[in-house]
Amino acid sequence: MSTTIAFLGATGGCANACLAYSLRSGYDAIALARTPEKLTTQLLSQPGLTQDILDTHLRIVQGDARDIETVMKTLIVSEDEHSTTLVSLIVSGIGGTGELVMTKASPCDQIPMRVPTIPHISIPNPHITEESTTALLGALRRIAKERFASFSDFAAVAPRVTIISGAGIKKGVKDVPMLFKPLYAALDIPHKDKMQMERLLAGEQEKKESLLCGGVVIVRPSILGGDHKIAEPGTDSGYRKLRVGTEKKPEVGYTVGRALIGEWIYREVVKGGGDKWVGEGVILTE
Ligand SMILES: NC(=O)c1ccc[n+]([C@@H]2O[C@H](COP(=O)([O-])OP(=O)(O)OC[C@H]3O[C@@H](n4cnc5c(N)ncnc54)[C@H](OP(=O)(O)O)[C@@H]3O)[C@@H](O)[C@H]2O)c1
């Protein structure tokens with residue numbers, strides 16, 4: 001199997017599950033991680049994965065997903081003076097862990113106290129998905145320019161990109177239950193960031209002659225639950241419970257397990273190639 005997949009944000013539950021299914025099935029992967037030990041500990045807790053599998057099929061690039069050089073290292077499988085081999089797929093689950101915040105700093109600099117505000121979810125870096133997507137596109141642009149004789153040589157092998165966004169992002173798409181509307185309103189900060197990530201990739205897809213990605217698949221899960229743990233080999237993961245919608249035919253649901261999101265990306269994009277989902281905003285819920 002010659003496919004190599006790049007993973008960003010694989011210490012998050014969704015991308016970790018996808019990486020685990022991929023490695024267990026014999027794919028090669030390169031994963032960018034800020035803390036490699038956190039990634040290997042999570043992967044070794046996955047059913048069916050061993051140190052031997054990680055040593056044979058996984059390369060970890062330590063660093064930050066906002067750093068273009070680090071991302072470039074994650075996308076290049078091998079190179080010599082004559083040619084560069086790239087990953088064929090990129091799966092990104094980059095995000096920030098949110099915290100419910102009920103206060104904000106006093107608008108008056110002289111008063112060092114926090115005052116009540118509308119409850120909302122705050123994340124340490126409210127621009128993380130925008131910044132990491134900018135770095136990803138920057139890395140692809142530099143690879144195209146510096147490693148390939150012509151843009152068409154690059155375009156022939158440009159990796160397909162799958163990103164994890166969220167339900168409730170797109171105006172006019174009915175993918176959020178009425179009961180959860182107040183909760184989604186509190187997610188304004190991460191949602192603005194995800195919208196910006198989607199816009200950057202949509203802008204990329206609108207270009208005709210210099211496409212940096214071999215197609216983009218946007219995954220929009222409802223509220224995430226559970227962790228990274230995938231099913232034991234040969235057991236039922238509950239995959240049949242997963243409902244799959246699109247912007248034209250949305251599915252409305254409350255929550256979805258992280259491991260099921262990873263399994264969908266593995267089955268549909270890694271194994272299935274993802275042609276059917278390119279250009280879609282895929283709504284996943286249980
Ligand atoms: N929570 C929800 O209900 C919900 C609903 C829909 C969509 N989503 C989105 O779905 C995606 C996947 O969620 P998840 O729960 O599986 O993962 P997650 O826990 O949000 O993990 C985020 C990942 O991004 C990485 N990351 C953050 N900043 C980074 C940086 N500067 N450089 C490199 N890596 C960085 C984290 O690495 P570290 O381990 O180093 O921190 C981690 O691997 C996220 O974008 C999330 O916002 C969430």
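Both counts, for ligands and for their atoms, begin at 1 and track the order of listing. Side chains are part of it too, since the values below use all heavy atoms of this structure and drop only hydrogens, waters and symmetry mates. Computed from a predicted structure; not experimentally measured.
Below 3.5 Å of separation, one finds an N or O of Gly12 facing an N or O of ligand 1. At under 3.5 Å, a nitrogen or oxygen of Ala65, whether backbone or side chain, sits near a nitrogen or oxygen of ligand 1. Considering backbone and side-chain atoms alike, Ile94 places an N or O below 3.5 Å from some N or O of ligand 1. For ligand 1, the polar-atom distance check finds no N/O of Thr35 at less than 3.5 Å from any of the ligand's N/O atoms. Between Gly95 and ligand 1, a contact under 3.5 Å exists for at least one N or O pair. Looking at Lys38 next to ligand 1, an N or O pair under 3.5 Å apart turns up. When only interatomic distances are considered, the shortest N/O to N/O separation between Gly9 and ligand 1 falls below 3.5 Å. Note: no N/O pair closer than 3.5 Å links Ala15 and ligand 1 by distance alone.
Protein heavy atom closest to atom 12 (C) of ligand 1, with residue, atom name and distance, is Gly93 O, 3.6 Å. If you check which protein heavy atom lies closest to atom 15 (O) of ligand 1, you get Arg258 NE, 2.7 Å. In terms of protein heavy-atom proximity, atom 47 (O) of ligand 1 is nearest to Lys194 NZ, 2.9 Å. The nearest heavy-atom contact from the protein to atom 41 (O) of ligand 1 is Arg34 NH2, 2.7 Å. Of the protein's heavy atoms, Ser165 O, 2.9 Å lies nearest to atom 7 (C) of ligand 1. Of the protein's non-hydrogen atoms, the one nearest atom 6 (C) of ligand 1 is Pro221 O, 3.6 Å.
Here Ser222 has backbone heavy atoms under 4.0 Å from ligand 1, and that is the only part of it that gets that close. At a 4.0 Å heavy-atom cut-off, ligand 1 does not touch His228 at all. Counting heavy atoms under 4.0 Å from ligand 1, residue Ala33 does not touch it at all.
Remark: Arg267 is not positioned above the aromatic ring of Tyr21, lacking an NZ or CZ atom under 6.0 angstrom from the ring centre and at most 45 degrees off the axis.
Proximity to Thr11 (heavy-atom distance under 4.0 Å) selects the following atoms of ligand 1: 36 (C), 37 (O), 38 (P), 39 (O), 42 (C), 43 (O). Residue Gly13 has at least one heavy-atom neighbour below 4.0 Å for each of these atoms of ligand 1: 14 (P), 16 (O), 17 (O). The distance from ligand 1 to the heavy atoms of Ile223 drops below 4.0 Å at these ligand atoms: 3 (O). Here is the list of ligand 1 atoms found below 4.0 Å of a heavy atom in Cys14: 16 (O).
Using a 4.0 Å cut-off between charged nitrogen and carboxylate oxygen, Glu130 and Lys194 do not count as a salt-bridge pair. Here Glu286 does not pair with Arg243 in a salt bridge; the nearest charged N to carboxylate O distance is not below 4.0 Å. In this structure, Glu247 pairs ionically with Lys170, as a charged nitrogen and a carboxylate oxygen lie closer than 4.0 Å. With respect to Lys229 and Asp227, no salt bridge is recorded, no charged nitrogen being found less than 4.0 Å from a carboxylate O. Using a 4.0 Å cut-off between charged side-chain N and carboxylate O, Glu146 and Arg141 make no salt bridge.
Between the choices Ile261, Ile164, Leu224, Leu183, the shortest heavy-atom distance to atom 48 (C) of ligand 1 belongs to Leu224.
Leu39 and Tyr27 fall within the same hydrophobic cluster, where Ile, Leu, Val, Met, Phe, Trp and Tyr residues are linked whenever their side-chain heavy atoms come under 4.5 Å apart, directly or through other members. The hydrophobic clustering, which links ILVMFWY residues whose side-chain heavy atoms are closer than 4.5 Å, places Leu54 and Ile5 together.
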Would you please test Ser222 and Phe180 for side-chain contact (heavy atoms from CB on, under 4.5 Å) and show each step? CA-CA 10 Å; Ser222 50; Phe180 268 24; over 6 Å; no
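In the hydrophobic clustering, Val173 connects to Ile283, either directly or through intervening members, whenever side-chain heavy atoms lie under 4.5 Å apart.
Between His191 and Tyr184, the ring-plane angle classifies as tilted under the 30° and 60° cut-offs.
No more than 12 heavy atoms of other residues, nucleotides or ligands shown are found within 6.0 angstrom of NZ on Lys249.
Side-chain atoms of Thr70 never come within 3.5 Å of backbone atoms of Arg66 as a donor-acceptor pair (strictly under, hydrogens ignored).
For Lys271, there are no salt bridge (Lys or Arg N to Asp or Glu O under 4.0 Å) partners at least two apart in sequence or on another chain.
Ligand 1 is never approached by Pro190 to a heavy-atom distance shorter than 4.0 Å. Distances from ligand 1 to the non-hydrogen atoms of Asp64 include at least one value under 4.0 Å.
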